[in-house]
Every structure is written in structure tokens, then in C-alpha cells.
Amino acid sequence: MSENFEIALQLLGVGMVTVFAILFLVVFIGDAIVLFVNRFIGEEKKEMPIVLEENSVIDPKKSAAIESAIQIVTQGKGKVVKIEKC
Amino acid sequence: MSENFEIALQLLGVGMVTVFAILFLVVFIGDAIVLFVNRFIGEEKKEMPIVLEENSVIDPKKSAAIESAIQIVTQGKGKVVKIEKC
Amino acid sequence: MSENFEIALQLLGVGMVTVFAILFLVVFIGDAIVLFVNRFIGEEKKEMPIVLEENSVIDPKKSAAIESAIQIVTQGKGKVVKIEKC
Amino acid sequence: MDVLQKLYEMTAFGSLIENPGSLLMLAIGAILLYLGIRKQYEPLLLVPIAFGVILANLPGGGMGVVPGEFIQLEGLKQAASPDMNLMELEMEHRYMNLFEIAHEYGIMNFLYYMLIKTGLLPPIIFMGVGALTDFGPMLRNLRLSFFGAAAQLGIFTVLLIAILVGFTPKEAASLAIIGGADGPTAIYTTIKLAPHLLGPIAIAAYSYMALVPVIIPLVVKLTCSPKELKINMKQMDKLYPPKHQIKNLRAVKIAFPIVLGIVISFFVPSAVPLLGMLLFGNLIKEIGANTLRLSEAASGPIMNTATIFLGLTVGATMTSDVFLDPKTIGIIVGGFFAFAISVFGGIAAVKVFNLFTKKKINPLIGATGLSAVPMASRVANEIALKYDSNNHVLQYCMSSNISGVIGSAVAAGVLISFLS
Amino acid sequence: MDVLQKLYEMTAFGSLIENPGSLLMLAIGAILLYLGIRKQYEPLLLVPIAFGVILANLPGGGMGVVPGEFIQLEGLKQAASPDMNLMELEMEHRYMNLFEIAHEYGIMNFLYYMLIKTGLLPPIIFMGVGALTDFGPMLRNLRLSFFGAAAQLGIFTVLLIAILVGFTPKEAASLAIIGGADGPTAIYTTIKLAPHLLGPIAIAAYSYMALVPVIIPLVVKLTCSPKELKINMKQMDKLYPPKHQIKNLRAVKIAFPIVLGIVISFFVPSAVPLLGMLLFGNLIKEIGANTLRLSEAASGPIMNTATIFLGLTVGATMTSDVFLDPKTIGIIVGGFFAFAISVFGGIAAVKVFNLFTKKKINPLIGATGLSAVPMASRVANEIALKYDSNNHVLQYCMSSNISGVIGSAVAAGVLISFLS
Amino acid sequence: MDVLQKLYEMTAFGSLIENPGSLLMLAIGAILLYLGIRKQYEPLLLVPIAFGVILANLPGGGMGVVPGEFIQLEGLKQAASPDMNLMELEMEHRYMNLFEIAHEYGIMNFLYYMLIKTGLLPPIIFMGVGALTDFGPMLRNLRLSFFGAAAQLGIFTVLLIAILVGFTPKEAASLAIIGGADGPTAIYTTIKLAPHLLGPIAIAAYSYMALVPVIIPLVVKLTCSPKELKINMKQMDKLYPPKHQIKNLRAVKIAFPIVLGIVISFFVPSAVPLLGMLLFGNLIKEIGANTLRLSEAASGPIMNTATIFLGLTVGATMTSDVFLDPKTIGIIVGGFFAFAISVFGGIAAVKVFNLFTKKKINPLIGATGLSAVPMASRVANEIALKYDSNNHVLQYCMSSNISGVIGSAVAAGVLISFLS
Ligand code: NA
Ligand code: NA
Ligand code: NA
């Protein structure tokens, strides 16, 4: 029992130190990535080009037309997840 | 063989009795639940409040707007199963 | 090593012959099926009747109405995959 | 010369000559595909089953399911007897593990022994069925659900006949359960009692379910008078109105599967895997928005995936040596009678009931006591409309129709409990 | 007479008399269902867990999970000792294979030993959680995420207390991890350290997560002054603006999970199965259209299916002999304190921080350092609005809230690493 | 002191020092992520593979796949020899069961040995590919599909070269199958013949598939004259119209996969697991509404889930000792030549064909005889348009492109049949 208590005390110390250390790292890494991206990658481009899924059977032009139609109906907030040919 | 025949006869009896007994119970339980609910729970309220799914990224007001738009288009019979942010 | 080389040579021969033979069969079978269908089954009928899925809760007439509404919106290219009752 | 020899060995013609029965099986697979695709006999299951039959019988393809003895490690037990008695006490049989099964017999056996022989998929499919089932029509005409019991008559009658004809009790029970008109129940029972008959029984069950529009009218014509078929349930309801109304259908629908599951299981615990999952699926559906993710998963991807693999693997049990057996004929004939007698049982129960009451019941409501939901009810409705174009019995039939699912699961529980 | 005997044996009344505790367990299952359905306590998990409890305790149903020793093949090892020493060297324990488990103990044990005892489902669910998580709010207020660490205090404090009360260290750790307020993490830790407590711990974890709207206000009321709760983060941001802006959020969001995963795992490799899958799920979400199929699968069918089977099988571990144990009381009480102390830890850390800086932080941001995302943040926001109707702290709370998920996974890694 | 020691043991720095190669592997994982995310090389598979590489090489994370020998129970066999000969007769090797694998080596090995080493996932993915494939363009220009055979030349040529360079025949075959330009086929073949090379081969296969827009133009430029590239297929069709029209495309599309599957399997039964599932997937798609639930499941949740786990586990086979091997260089170089020679084979076949006929064929239709559907066809179409802006060859290319899938599956069958 007293041995177990020692383990528990150890864990209390080790555990809280580790958790604080890791979340310090999270902050540090996050900041570092932001700085790195700001310097070397810069402003976000207007969306990467979407690679059309292979084997897609719908003409991209037509699906774009459908999507825009849907977007009007849904006030621009909806998204066509899947279109199937009849 | 004659032993097997006996088993079969037994099963014919036991089986049909059990099936009738269980479906009698179904009727009985169903009636009991209806009576219990009628007495202790009463009239159905207008739909329980829907707990919005955690991590949902769509503003409820906007999604309501989309849904009503869809309902106009689908004459009130369609339901938006999933909305994704663009 | 020289034994392995022999295996490789064999496989080169056997493999290419087999692949050519099979794709010859593909052409042959395809032609045969087309001829058979042209002779014995004939013109495509206007879509086989769709067996409505069991346990479906939506009235077919209503769902047809919804579908036509969607088709107007999607310029005839969309398809209603699933309708749920509200 | 050597190359040609190897080339020949690569092809399947050698094993085709050794086992010409597989050609016949391929033809049977093609016929089943024809029934599923062109005749639209339960295509969701018959097409995968048929393709499974074809895959299993492509000579040399290694996609046929091997009998259970092949994966049993008898040697271990025998060899162990002198000095390994401890282990022997622990477990009588040991089996190859799933990885070894895949290694030795390929992916189809892996899938079969993981998903089917363990009894997993039928309850999983039942969970999906539950999530698609609406007990509403049954609750609204609760008393009619009683006739779902009578329509299990075919099961126990054919069981008796099959034993007389020479089937073992376990085989006879697996055959007879076809009369429950419920695919997953038939498959589950057969897995537990006579897995070697799984292929033909599954096919017979689904084929006859597809033939409900033929079988029900046939039995009805033989047993019911036009006068009986004109009994109008709605008028009866007006004459003798039901005692109480359901004030809060949602609460009733949520409580019903929970209470029902617990009570039934006290009487027939061996039906728990099937009925428990059915009622769980139904519960998450009835709760609504809060568990929508779950019920959609259960009735969508889970059930569809289970259906594909159930179909393929059940079909793959039909290798030529298994199928080309006189018992297959017995299953086909017996299955038909099980179906027909079940329909008759339901009708007879209504007739007996009508002798004693003033509020008459249309015998079609007995005929739909099988499980084939909702096809049986639609067929019955059409028959009723033929005799009186104003007599819509659909909603009433749905009651006994849905309760027939419970009835056959209970019958399966009785059979498994007594025979395994 | 004989038939009646058999009939009685078919029913579950015999085993019910032998084991009346199962009736109590059924009642507990019903209460959990009530909490999940009517009170809407985390219904997505509590309903399947509750139904699993019911299934497991239907007498004779064979759906209860058996203890790990039942699938261990001790005999083999003992018998082998004289002449099979080679094998003994290779592996200390051998276990029944999954097929044998299904054969012997039914499908629920098959699912439990395949999906849960292997530790598979919690990481799979974490993958889905990752695919639904947006690290954006955390990245925008990165420094606040530090308080996600302080909110793990409850874990290690309750661990200490539980050991004092008599729990073994492994049991105490499994109990204490409830204070991480994260379901999959609690389940994963318990599987690794004390699987026999899985049922009560899972239920306590999810129940207290559902009680976050009660627990957080309680602790806040006891520890924070109105003045503190009125601290307005937006005004602070205006007074002391952050140093740099994120120019390309998309690139940052893609790089973040990759780098974070690698670095954390150097320090706490035992957290890799959980955190690795969380970050993988997040990565495929952030990539966007090119991996949309994957992220939709991870957060849709995969996660929903995993949730169903996790719930049912975890519930099914709660047989009466497992649950009706004084330790269950300890878990319920200890779990509450773990939760409350974690909230307190977060608040205390903010207070300490505020002593040393000019840019004050609202202590509610400490209180949301638990994982319950985003419920904790919403609750905190409501509290803030009650004191000042213009003080929206939601976005700030989300930062420590999300980092709390990482914090508790790290704490779990430490516990597993030290104790297993 | 003791605590610090334990703290250090908790971290991964000890195993990092022992195995510094894992840092290099992490870098490789990061490069693969860069290719998948930024360069958009087959992101659906390369991202999961890359993340799997990272997970496997996080020191101490326990997510790396262990070699097959680790799960073999050699001891049992050896120890058994004196008095357990019966069992030995039954099975030469025994393996740890899946539960033991998870217990001993963690979830990644559990997934790998359950889903990949059994050969399960590639056929499952092929089922989804089938459900997404439209044989229509191939049926409309059936004769062109013949060139899908010639484009397998790279496979058998590189096989020969690889053996000369010192690969074993099984390794050489696994390497060479990269020239089939078909991911699942390459993975399936490698699982069967040389699982220790799975990681590099899978990555090479998917990378080169992503490089099709580079490789095809390169080979075309080296081998074709502008005059050849201007051959206009539509004009040729007008000059020499095809003999018969398809009157009922739907019936043809349904019959085609069935008949094709049966006939091919007579010749190359070892291709049945791949081709059978491909054609099953295609069949349920072509049947249409009646099996829509199945085809949507096959091409949706099932395929997406399979893709995630295939990617992660295949990536996780790439531990540093496996990857940092001269053979990896051989695979990268050899894979490229297999690809390029396959393209050349298709072009050469067209040229030979054109020598003997009046109805000339554009050599681009040979170049698309690889499987990479439909990317190869799109690339070829762009090349054609560059030489003549009215010359649309897409529909024609699709014919050989789709038949290339069949061609490489057949080639895989031949290799597996001769070498395993
Ligand atoms: Na029935
Ligand atoms: Na937490
Ligand atoms: Na190819």
C-alpha cells in the first residue's frame, strides 16, 4: 500500500509535468508552424485545384451547372456531395 | 426414427404453444404500454428538442434557412440529411 | 541464377501469350454477347420497372413529384438517392 | 513441352475434368442470376448469392467454402490425450484460427468462418431490419398481430414430415424454418443446426419469399370463399370500435421494443441474438434525431455491407458435392410446403376465430402472418381489392405481417433450444 | 411431464432464479436508457451501452461478456512444460482464437474480443473525432491551449486518492482517467489497465460528460468571483494584441497535425495509437477535396459503426457479478471528483497566471480545459453571458477545450506507460 | 533520480538512439505526404500510406508491422515432432491467432494480418472499382481492347531483368507487376509472393500511376511520329464502319461481366479473387435500381474504409530495416522501366497492327493499355489534341485503358500461379 502510494505520488508529479511540457510544446510548435508558413508559404491561394475523381461519369461542366443551381436554392451554403446519372 | 418422430411431435406441440403464448404476450404488452403511456405520459409534445450534434460547423439558423428552401423545392417532403460547408 | 533466368524467359513467353489470349477472348465474348443480345433480346425497353424497396415509407406518387421537382432544379441530371420523411 | 504442361496446370481444365459437376453448378448460378436480375426475385440477396455460387464453382478459383471439419484440429486433441489432459478438459475441439483459414483456404473461407459460421451477420442484418421497421401499423391494430403466430404452422408441420422422410431432426428443423418466410432467421437457424445445408436453404427461403405473389393467392383461392374475402375491416372497426386510442405514439414506440425484448427473452432466450438486435435497431430508429447517426449506419452501410458478404459467402457454400444431393430436392419441395402450410395456418386461425366472435376478420389478415414484409401485405391487399374495390386491408395486414417476423424468430429460438 | 420439463429448460426462469442479480441489472439498463433517451445524456453512446447492459443480462441469452481468463488457454501451457519448452519460450500465454470464442461464447464475446479487448475501436473512433475536429479556434488563440494541461489535475489527484482507498494502481488509473472527460481515452486506458472495470468506467465517463452543464457551473460558482468572470477577452486582445497573424490558415492546419503527432510521440510514445489516429483523421479532413472520400468515411460510416459496437459490447461487460461490486460505487464517486478537480485545476492555473501578467484571462477558459468538446465551451459561454451579456468567450474557450483532448490523451499515455 | 530514469524510459529517445534510421523514415514519410498533398500524387492512397510510414516509425509507438516469422509458431511444430505427429500431418505451420497478434504487437499488426496478409482488401477494393467502372466505352470499341494485352509487356520484361540483377523470382515478379499500373493488383501480387517488399512496391506503384502525365508523353515522344499521332479514329470509323451496332447496351453490360468472369477463370483461375470481385462489383452496378443499395455500399463506405486501412497498414510495413535496403532502389528504378516498357509495348503493338490493315489506329490507343483509368486516357487525349485540335481520342483510349485492368489482373494471375 505505501509502495502504491509512492507510485501514485510519482505519477502525480511525472504526469502533470509531462502534460504541461507537452502542451507547452503544442504552443511552441503551433507558433513555429505559423511563423514558418507566414515566411515561406505566404498567403493562401484561392483553393487548390480539385482533382476530379477517377471514374467519374458526370461531365464536369454539367456538374458545375448543377452545383450552381443548388447553390442558388440553398443560398450558397449547400454543397452537392454526390450526383448520379439517371 | 421413431424417436425422432417423437421429437418432432413434441416440437410441433411445444413450438406452436410457445409461438401463440409469445404473440399473446406481444398483444398484452402492447396494450399495457399504451394504457401506461396514456395515463402517465399523455399527449405527445411537439417533438423533443433536438440536441445539435457536437462538432457541427453549420450555424443552426443558416441550416434552418437552407432546409426551408429545400422544403419549398421539394414541396415539403424532402429532408436535408447532411449539409456541408463549402 | 541461370535456372531463375529460364523461369523468367518461360514466364515472358507464357505470360504474354496468356494475356493476348485472354484479351482475344474478351473481344470474342463481347462480340458474341452483342450478337446474341441483338438477335434474342433486342431493343432496350424503356427502363425495367423499379421494384420499390421494401419498408419504404414514402408514397411513390409523392416521391415522383419530389424527383421531378429536383430534376427541374438540376436540369435533369441529378437523381434523388434518398428521401426521408420529416 | 514442359512449358505447355505448366500452362495446362495453370488453367482450370484439369480440375474441371476431375469435377464436371461444377459446370452444372455454374449453370445453376446463371439461372439464379436470371431469376434475380430479370425476374427480380429478391435481387438484393439473390444476386450476391448467385454470384457466390459462380465464384465457388469456378474450378481452381479457391473460392468455395470448405466443410467445417476441414478447419477442426482433431489431431491436436488425439495426440494430446496421454499427457495433455488439462487442455482437453478445457476445450473439446480446437479450430484453425482465422488467419490460418485465410492462409490455407483463401478469403472466401475467411469471410465465411468469420462472418457466417460465427452467426454474426444474421443478427447484424436484423439490426438493420429493425431500423427500417415501423411497429406503428402493428400497434394500431394490435390484436391482429396474434395471427402472426398461426402462420408458423408450416414450420412445425414440415419439420415432422421431413423427419418422416429421413432428414435428421437438425436438418429437418433447418429445412422447416423456411416456412417462417424470413431470410436472416432461416440462415441463423441453419448455421446453428445444419450448416452444410446453408446454401440450398438460403436460396429456397429467398426464392419462395420472392414467390409470395404466387403462393398467397394460390392458398387463398383454395381455402377462402369470396364472401370471406369481402369482409371489410374498416366497417368492422366502425361497428365495434377498439377500446382505447394511442395518445402518444412516439412514447409507445420507444417503450415497446425495450419491454418486448426483455419479456420475450425470459421465455425464449435462444431468440435473443436475433430479436435483441432487431429491437435495438428499432429503438435507435424510434428515438429519432438524437441517435440518427446510429440508425442510419445500421440500416445503411452496415446492413448493405452485411448483405453483400452474407450473399456471397452463403452462395459460396454451394459447391457441387454439397448441392448435388437428394436432400436439395427435399429442401426445395419441403420449403414450398412449409410456406404454403404457414399461409394456410394463418387463414385457418382467422376462420376459427370468426366462429366465435361478432367482429369478423378478413382471412387475408391470417394469410399475411408470414414475415415477408411488406410484400405479403401488398399481395393480400390486391386480392381484397379484386373482390371489392373499396376494401383496403393493407394497414390491417401489416399488423400480422410484422408480428410474423417475431413469430418466426421465436419458432427459430424453440428449434435451436431443443435441438442444439 | 417430460415436455413440460424441457419447456421449462427452454425458458430463462431457471437461470433467473440462480442469478437474481440480473433483474437488478435490467433495471439499471432501463435507468440508463431513460437517461439517454429522455434526459438526452450523450444518447449516441449511452443508448447502445444501456441496451448492451440489457442484452448481457437477459438470462440465458448468452450475450454477456465473459472475463479474460475464460479465453486463456492455461492448460496448454501447464501441460506443455515438460516436453514443449520451446513453445513456452515463445509465448507465455495462449488464447482461444476468435472463431473459437464465437463458437463457445457467442457473437457478443466475438465482437468484444475482436474490437474492444484488442484496443481497436477507441483509436478508430478517435480517427473520426479527428475528422470532425477543427483546430482553427485553437490555432487562433494558441497560448490559451496551455490551460488544457492544468485541467488534467483531477486525473492524477483522484489516482492518488483511489490508491489510498484501496484500488490497485491499475484500477485507480482507469478510474482516474474519467477526469480527462474523454470517452474513447477512458475506454482505451481501461482496456489496457483494468478491463474488468470497463463497463462502470465507460458509463461514468459518458454520464459525467453529459453532466458538464451541471458540474462546470458548480465548480465555477465555488471558485470564481463575478469580477473574474466578467474579464472580457476581446478587450484584452485589443489592449494587448497578439504578435503575429496567420496568413495561410489552410497550410498551418495541414502541417500542424503532422508535426504535432511526430513531436508528441517522441515524448509519450504510448499515446501514439490514440493521438496518431486523431491527427490522421484531422489531416485527411484538412486536405479537403482530394481526400474527401476518406474523411467522410472516417467521420461517417466508420465512426458510427464503431460507436454502435463499442456501446453494445462495453455495455455487455456489465454482468451482475461485475457491476454489483463496491468498486462500482468508488468509480461513481471518484469519477465525479476527478471531473470536478479537473475543472478546478484549469481555473486555478488561470488564477495563478493572472497574478503575473497584465493581459488577464477569464477563468472560464481554464474551466473548459477538459475534453468535452464543444459542450464545455458552450456552457462556459453561457456563464460568461450571464455576468456580462456582451462577453462572448466561446472562441477562446474552444482553444483550451480542444487542447484538453490532447492533454488527456497524453495523461493516458503516461499512465499506460508507467503501469502496464 | 529513479523518477527521471522512469521518465526517460517513458519517452522514445532511448529507442531513437538505438534505431536512428527511423528519423530517416519519418523524413521519407514527410516527403510522401508532400507528394500526396501538395503535388496531388494519388492522394487517396498516398496520404494514408505516408501517414502509415510515419506511425510505424514513431519510436516506441508500436505501430510498425512485424515480419511474418514473428507470428509463426515454429516451436509448436518442433516440440510436437516426437509425439504429436498427427497434428503435424494436418498443418505444417501454425500461426498466432488475431487476438494474440493484437495482444502482442498492437492494433496495426492486428489490422495488417487480418486485412492485408490474408489478401482480403485488394479484392474488396476491386469490387468497389468494378462498381465505379463503366464497360460501355470498351464495348463500343471492343477491338481496341486487344491493345490492353500488349501493354503488359513491361511486366514480363522487367521480371526478366530483375532476376538477372539478383532478385529472387518471387521478388522480381512483385516488382515487375508495378508495370501493370494497377494499385490493388500490385499489392495483391506482392502479398502472395513477397510480402516483405509490400511497402516500397505499393508506394512505387501509386507514385508512378500519379506520374502517368509525365511518363506517357515521354514514351510517346520517343516512339511516335506526328503523322501517327494525327490518325483520326472517328474518320477511320466513317471510312470503315464497325460491323454491328449494340441494340441493347444494358443487357450487354449485364451479361458481359458474368460470361467474362466465367471464361477467364477457366484459363487463369488464380486471377479469380481479383477479377471475380471486380466483375461482381460491376454487375451490381449495371443491374441498377434493384441492387443500388449494394453497389453504393461497394463503391462508397466499403471501398473508402478499405482504402484507409489498406493505406495505413501498407505504409506501416515500411519500418527502417525493411525500407533501407538496396532492393528499394531496385524497385524504384525497375518500377519506372516496367511502366515505360508497358507503354512502349502498347504503342509497338499498334504499329505492328497498322502495318497489316487499312483501318489505321492511333498509337496513343496502345499507350493507354495500362490500367491507370481514366488518367491515362485523358493524358493521351491531350497529346492528340496538341497535334490536331479536332482529334478527340478519349473514348477510343478508354477501351484499351479499361481492358488494361483485365490484362494486368491476368498477368498477376499467371505470376502467382507459376511462382507461389
Ligand atoms: Na414469419
Ligand atoms: Na481532457
Ligand atoms: Na494494366
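Residue numbers start from 1 in every chain, and the chains themselves are labelled A, B, ... in the order their sequence lines are given, proteins ahead of strands. Basis for what follows: all heavy atoms, side chains included, without hydrogens, waters or symmetry-related copies. Just so it is clear, the structure is predicted and the values come from calculations on it, not from any experiment.
Residue I124(E) touches chain F through its side chain alone, counting heavy-atom pairs closer than 4.5 Å. In this structure, chain E has no heavy atom under 4.5 Å from any part of L46(F). For a residue to count as touching a neighbouring chain, one of its non-hydrogen atoms must lie under 4.5 Å from one of that chain's; by this rule F309(F) touches chain E with the side chain only. For A271(E), no part sits under 4.5 Å from any heavy atom of chain F, backbone or side chain. Both the backbone and the side chain of I262(E) come within contact range of chain F, judged by heavy atoms closer than 4.5 Å. Both the backbone and the side chain of T118(E) have a heavy atom closer than 4.5 Å to some heavy atom of chain F. Contacts between I101(F) and chain E at a heavy-atom distance below 4.5 Å are absent for every atom of the residue. In this structure, the portion of F418(E) lying under 4.5 Å from any heavy atom of chain F is its side chain and not its backbone.
If you take CG on L279(E) and CZ on F51(F), they are separated by 5.5 Å, rounding to the nearest 0.5 Å. Note that the CG atom of L26(F) and the CD1 atom of I258(E) stand 12.0 Å from one another [nearest 0.5 Å].
Per-residue heavy-atom pair counts under 4.5 Å with chain E were compared for L7(F), L33(F), T307(F), and the maximum is reached by L33(F). Put simply, of G60(F), P301(F), A102(F), G106(F), the one with the most heavy-atom pairs under 4.5 Å next to chain E is G60(F). Most heavy-atom pairs under 4.5 Å with chain E, from the set E9(F), M303(F), H103(F): that is H103(F).
For a heavy-atom cut-off of 4.5 Å, chain F lies close to Y113(E), M114(E) in residues 107-116 of chain E. Residues of residues 189-198 of chain E never come within less than 4.5 angstrom of chain F, heavy atom to heavy atom.
In this structure, M63(F) and P273(E) approach most closely via the heavy-atom pair CE-CA, 4.0 Å. For the pair M127(E) and I308(F), the tightest heavy-atom approach, listed with the atom from each and the gap, is SD-CG2, 4.0 Å. Between N304(F) and A297(E), the shortest heavy-atom distance links the atoms CB-CB, 3.5 Å. Nearest heavy-atom pair across N290(E) and P43(F) is CB-CG, 3.6 Å.
For E100(F) (side chain) and R94(E) (main-chain N/O), no donor-acceptor pair under 3.5 Å exists by modelled atom type.
Between M96(E) and N97(F) the shortest side-chain heavy-atom distance does not fall below 4.5 Å. L58(F) is not listed as a side-chain neighbour of P269(E), based on a closest heavy-atom distance of 4.5 Å or more.
Using cut-offs of 30° and 60° for the angle between ring planes, the F266(E) and F13(F) rings count as tilted.
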Where do I37(F) and L283(E) land on the side-chain contact (heavy atoms from CB on, under 4.5 Å) test, with the steps shown first?
CA-CA 10 Å; I37(F) 298 171; L283(E) 177 65; 4.1 Å; yes
